[in-house]
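Below is one structure, written out as structure tokens; the observations come after it.
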Amino acid sequence: QLELVESGGDLVQPGGSLRLSCSASGFTLDYYAIGWFRQAPGKEREGVSCIDSSDDNTYYADSVKGRFTISKNNAKNTVYLQMNNLKPEDTAVYYCAAGWGLMYGNSWSRDREYDYWGQGTQVTVSS
């Protein structure tokens with residue numbers, strides 16, 4: 001019923017940019033927070049960013065502040081993650097996830113706050 005599809009992952013050189021998209025169907029972004037997570041080989045999944053439902057508050061991991069920007073287009077039911085000045089350590093599979101309601105404090109970065117997940121898109125930063 002609810003589906004999330006990520007797109008936009010690619011191979012880029014350090015310092016390059018990518019824009020990831022998370023297309024949602026079966027629900028409205030007015031009632032769901034959308035988070036971006038990533039998982040690199042041998043590492044645990046970590047929260048990257050989140051845009052909240054209704055109040056549109058945004059959250060970022062310290063490692064991406066100033067480089068990544070999350071936004072959404074409600075008419076298209078799509079959330080974007082603009083990634084600039086990419087670094088090799090940004091290499092990972094990136095997932096978007098939806099959680100009903102509002103996020104509080106650091107809860108946005110916790111897996112258990114999200115009920116629906118996309119299949120992921122690969123981002124590789126290498127020279």
Side-chain angles (χ1 to χ4, degrees):
Q1 185 176 17
L2 280 71
E3 186 177 30
L4 299 169
V5 179
E6 304 96 333
S7 62
D10 205 350
L11 170 65
V12 297
Q13 295 184 345
S17 297
L18 284 174
R19 188 180 74 163
L20 305 184
S21 297
C22 175
S23 179
S25 61
F27 64 97
T28 173
L29 298 181
D30 288 337
Y31 302 113
Y32 284 85
I34 302 295
W36 284 99
F37 290 75
R38 66 186 182 188
Q39 187 166 25
K43 296 184 178 180
E44 295 184 356
R45 186 165 56 194
E46 64 174 342
V48 176
S49 185
C50 175
I51 186 162
D52 216 340
S53 62
S54 114
D55 65 10
D56 292 334
N57 285 342
T58 58
Y59 307 89
Y60 298 93
D62 289 341
S63 60
V64 306
K65 286 182 179 178
R67 299 190 297 122
F68 291 10
T69 303
I70 191 169
S71 62
K72 65 179 179 180
N73 185 324
N74 287 340
K76 295 183 178 181
N77 255 17
T78 300
V79 173
Y80 306 96
L81 184 68
Q82 178 66 45
M83 305 185 296
N84 297 325
N85 192 24
L86 284 162
K87 303 175 180 180
E89 50 263 44
D90 294 318
T91 295
V93 177
Y94 283 71
Y95 302 88
C96 64
W100 189 89
L102 294 170
M103 298 290 172
Y104 300 95
N106 290 329
S107 63
W108 71 269
S109 64
R110 300 187 178 108
D111 289 2
R112 66 176 182 268
E113 300 296 332
Y114 300 89
D115 303 306
Y116 305 96
W117 294 78
Q119 292 184 313
T121 185
Q122 177 71 49
V123 172
T124 302
V125 185
S126 177
S127 59

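Everything numeric in this text was worked out from a predicted model, so none of it was measured. Each residue takes its place number in the sequence, starting with 1.
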Side-chain contact test, heavy atoms from C-beta onward, threshold under 4.5 Å: evaluate it for [X] versus [Y] and give yes or no.
| X | Y | result |
| --- | --- | --- |
| R38 | V64 | yes |
| E6 | L20 | no |
| F27 | L4 | yes |
| N106 | Y59 | no |
| K72 | D56 | yes |
| W108 | D52 | no |

Neighbour count >12 (heavy atoms, 6.0 Å) for atom CD, Q119: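 Counting other residues, nucleotides and ligands, CD of Q119 stays at 12 neighbours or fewer.
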Given 3.5 Å as the limit, does a donor-acceptor pair link the side chain of [X] with the main chain of [Y], or not?
| X | Y | answer |
| --- | --- | --- |
| S49 | Y60 | no |
| S109 | G47 | no |
| Y32 | A97 | no |
| T91 | V125 | yes |

Quick one: closest heavy-atom pair of [X] and [Y], and the distance?
| X | Y | answer |
| --- | --- | --- |
| I70 | I51 | CD1-N, 3.5 Å |
| Q82 | S17 | NE2-CB, 4.0 Å |
| D115 | W100 | OD2-N, 3.9 Å |

Centroid-centroid distance, W117 to F37, less than 6.0 Å: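 Distance test on ring centres: under 6.0 Å, yes.
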Q39 CD to E44 CD distance, which is reported to the nearest 0.5 Å: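 It is 8.5 Å, given to the nearest 0.5 Å.
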Shared hydrophobic cluster for M103 and L81 (ILVMFWY, side-chain gaps under 4.5 Å):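 No, M103 and L81 fall in different hydrophobic clusters.
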Charged N-O contact under 4.0 Å between D90 and K87: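 No, no charged N to carboxylate O under 4.0 Å.
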All disulfide bond (SG atoms under 2.5 Å apart) counterparts of C22, not counting sequence neighbours: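 C22 satisfies disulfide bond (SG atoms under 2.5 Å apart) with C96 only.
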